[in-house]
Undergrad: 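Next up is a structure, given as structure tokens.
Lettering follows sequence order; numbering is per chain, from 1.
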Amino acid sequence: MTLRVVRVRPDLPAIDRSFDYLVPDAIAHQISVGTIVRIPLHGRRVRGWVVEDFVQPETEISRILPLLKVVGAGPPPEILDLGRWAARRWIGPDVSFFGSASPPNAVVPNAVAESFSGGAESASHGSSESRLRVIAWPPSMDRRPLIDGLLPESGSSIVIVPDVGRLNSLIKYLTRAGRVVHVMHATRTAAERTLAWSEARKGNCVIVGGRGAVWAPVPDLAAMIVLDESDDALQEERSPTWHARDVAIERARRCGVACTLVAAIPSAVAVSLVEDVERPERSDESAGWARVEVVDLREEAPGQGLLTESLARALHKCVDAGERALLVMNRKGRARLLACGACRELARCEGCGAAVVEVQSGETSAFSTDSSAAEVSRSLLCPVCSTARPWLCAGCGSTRLRVLRSGVSRIRDDLAALLPRSRVLDVDASTDVDLAALREADVLVGTEAVLHRAPRDRPVGLVAFLDLDQELLAPRHRAAEQSATLLARAARLLGPRSEARRLLLQTRLPEHDVIRAVSEADPSIAWISETKRRAALSYPPFGALAQLRGVEEAVAYAANMLRALPGVTVLGPVASGASFECLVRCPDSEALSGALLAVHAGARALGRIRVEVDPARV
DNA sequence: CGGACAAGCTGA
DNA sequence: CAGCTTGTCCGG
């Protein structure tokens, strides 16, 4: 009788290798590739994944220890492979992907006889429909029938949805259509996610979830659908910065099944993957976008700040109709930049010279129904060195300070004055505002979080971006696409085109292609111009980007090594706060992975380097 | 990662 | 030279 030996990858990201273990007879029937086990390693007991079965051990059999126990079922072999692909693509440890593909709690493993013997996925359920489609679907056009139509009758499908808010109506719809739906979403409890994972393993179902759902262990994948494909929520923020859209495309390709990407304004990456972007009939398309009103800030009377005449008019109309208004503004706090009304001196810190900001004592209530702001005591604070200063000009001593740039809470007060009978509430992602308070509010003002947090109890009659240029011109290469996604989300809240409801955009760039695309209900204007821009810069999809960050020596060393490689362009390193960073560009992501992996091992000796492939900022 | 063991710094 | 820090190695 020969001893059964398995190769196990320990769940220790810093260890870049696997180890062999003996399989005790008592648990032999529960072990297969993917099974999560507990192993003894260097005096510790750690979790790991069986990555190979029936191996010929490399070390003497006498030194091999037995597995301690079976923790539970893990990802099927083909998902481990997909995880390895992602690990290379985004330069991360394979175990971080194995973790994403595993249930949060233990799942009883199948007996070996039951388990789907390898390649179940490769037995294509999608038949000849193995193709990639990109659909530009207007934000307010019901996409549920579209999705239902994309789901094959047999086999399992995975639907990735970044926007949790839309999840429930989709689930209800599909369930009513007779589908067996399981939800795999980070907002669910561990027990619920574990249950969905083990149900997915049985196949013949529809998995609906956030980005983590691309790893669902369905054995009979037949269709992959990614909704709001251009939404940044599909990308993991922490390294490895994997993107669910790209994993979905790869998984579908490997299984030979159809993959469909849907977005109001598809990303340049998505558009580059297909011959033609599919769109609804022109009349349906324009009906699916809210009416847009562009306010050219250059033509507005000076001194009124962001509360323009047009905005005031739209607000009154919305509030009078009993509908809710959402105002988006990405500057936090009160006045961010002040100047003396008498001598025009910029209000700066006497210590370090940084621009001081306005703070108020006794600033508490989220509601403000009056605007007796004069009675609130105001002072100045340096955001750099925290030096406080009284509310007066350092140059001439005048107390008449003029606001050059105002923040959310300042606008909230001005709105309260403009709409004395309405409740104005400011919202941001950090503060906890309870649902009751949100429901009572007639006007919500804050960062883009207002678009996510607005309750659905009342129709939204107005969404206004007070300073859209903040988004359009943000110093990130994806700024235009991010703005487009934001505008599409706003348009969705407003519903189909109607005379009354509108999307109001305040800007100094009324001719910007993202604004034109939205106001003309023609998303191609945005993706064509974005594609041109990317091509000119050799940015994705016309090249691959990564950002390296870490201590100076390590980044400098890596940058020099990379520069020496053919086809690699390196910008930097430059100091960024306490650390250093550089930008690496390659003709394609395979070349980028190859270059980074070649350098990574050597650079690690000099100190930790954080690698961000497809960085969202920069 | 985290323990083991080796080589380096300090102090009375 | 004990006693502690810092570095390098390695795991079945």
Undergrad: Taking the basic N atoms (NZ, or NE/NH1/NH2) and the acidic carboxylate oxygens, is any pair closer than 4.0 Å for A/Arg478 and A/Glu481?
TA: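 No.
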Undergrad: Under 4.0 Å: is that the gap between some side-chain N or O of A/Arg7 and OP1 or OP2 of C/dG12?
TA: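 No, outside the criterion.
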Undergrad: Could you go through residues 85-103 of chain A and list every donor-acceptor pair under 3.5 Å that involves a side-chain atom there, pairing it with any protein atom two or more places apart or in another chain?
TA:
from     : atom 1 : to       : atom 2 : distance (Å)
A/Arg88  : NE     : A/Glu590 : OE2    : 3.2
A/Arg88  : NH2    : A/Glu590 : OE2    : 2.5
A/Arg89  : NH1    : A/Asp614 : OD2    : 3.2
A/Arg89  : NH2    : A/Asp246 : OD2    : 3.4
A/Arg89  : NH2    : A/Asp614 : OD2    : 3.2
A/Trp90  : NE1    : A/Thr241 : O      : 3.3
A/Trp90  : NE1    : A/Asp614 : OD2    : 3.2
A/Asp94  : OD1    : A/Arg9   : NH1    : 2.3
A/Asp94  : OD2    : A/Arg9   : NH1    : 3.4
A/Ser96  : OG     : A/Pro93  : O      : 3.0
A/Ser100 : OG     : A/Ser96  : O      : 3.1
A/Ser102 : OG     : A/Trp49  : NE1    : 2.9
A/Ser102 : OG     : A/Phe98  : O      : 2.6

Undergrad: Under 6.0 Å from the ring centre and within 45 degrees of the ring axis: does the NZ or CZ of A/Arg7 meet both conditions for the six-membered ring of A/Phe19?
TA: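 No.
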Undergrad: Roughly how many Å is it from CD1 in A/Ile61 to C1' in C/dG12, rounded to a whole number?
TA: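 My rounded result for the distance is 11 Å.
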Undergrad: Are any protein N/O atoms closer than 3.5 Å to N/O atoms in nucleotides 3-5 of chain B? If there are, list each pair with its distance.
TA:
none

Undergrad: Grab the CG-P distance between A/Asp20 and C/dG11 for me, whole Å please.
TA: 13 Å
Undergrad: Could you tell me how far apart A/Glu52 (CD) and C/dG12 (C1') are, to the nearest whole angstrom?
TA: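 Spelled out: CD on A/Glu52 to C1' on C/dG12 is 14 Å.
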Undergrad: So A/Gln30 and A/Thr35, side chain to side chain donor-acceptor pair (under 3.5 Å) or not? Walk me through it.
TA: CA-CA 8 Å; A/Gln30 296 182 301; A/Thr35 307; over 6 Å; no
Undergrad: To the nearest angstrom, how far is A/Phe19 atom CZ from B/dC1 atom C1'?
TA: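 It is 11 Å, rounded to the nearest whole Å.
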Undergrad: To the nearest angstrom, how far is A/Ile39 atom CD1 from C/dG11 atom C1'?
TA: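 Atom-to-atom, A/Ile39 to C/dG11, this comes out as 9 Å.
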Undergrad: Pull out every residue in residues 62-73 of chain A that has a heavy atom closer than 4.0 Å to any atom of DNA chain C, ordered by number, or say none.
TA: A/Arg63, A/Ile64, A/Leu65
Undergrad: Could you check how far OH of A/Tyr21 sits from P of C/dG11, rounded to whole Å?
TA: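 Checked: the OH to P distance equals 11 Å.
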Undergrad: Considering non-hydrogen atoms only, spot the tightest contact between A/Leu227 and A/Leu234 and give its length.
TA: O-CD1, 4.1 Å
Undergrad: So if I apply the side chain to side chain contact (heavy atoms under 4.5 Å, CB included) rule between A/Ile147 and each of A/Val208, A/Val161, A/Ile225, which one comes out positive?
TA: A/Ile225
Undergrad: Does a side-chain N-to-carboxylate-O contact under 4.0 Å join A/Glu60 and A/Arg63?
TA: no
Undergrad: Indicate whether any N or O donor in one side chain lies under 3.5 Å from an N or O acceptor in the other, for A/Arg489 and A/His452.
TA: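 The answer is yes; a qualifying pair exists.
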Undergrad: Which whole-number value in Å describes the distance from A/Leu12 CG to C/dG11 C1'?
TA: 10 Å
Undergrad: Distance check needed: C/dG11 C1' versus A/Arg38 CZ, whole Å only.
TA: 17 Å
Undergrad: Under 4.0 Å between a side-chain nitrogen and a carboxylate oxygen: does that hold for A/Arg254 and A/Asp81?
TA: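 Salt bridge absent between A/Arg254 and A/Asp81.
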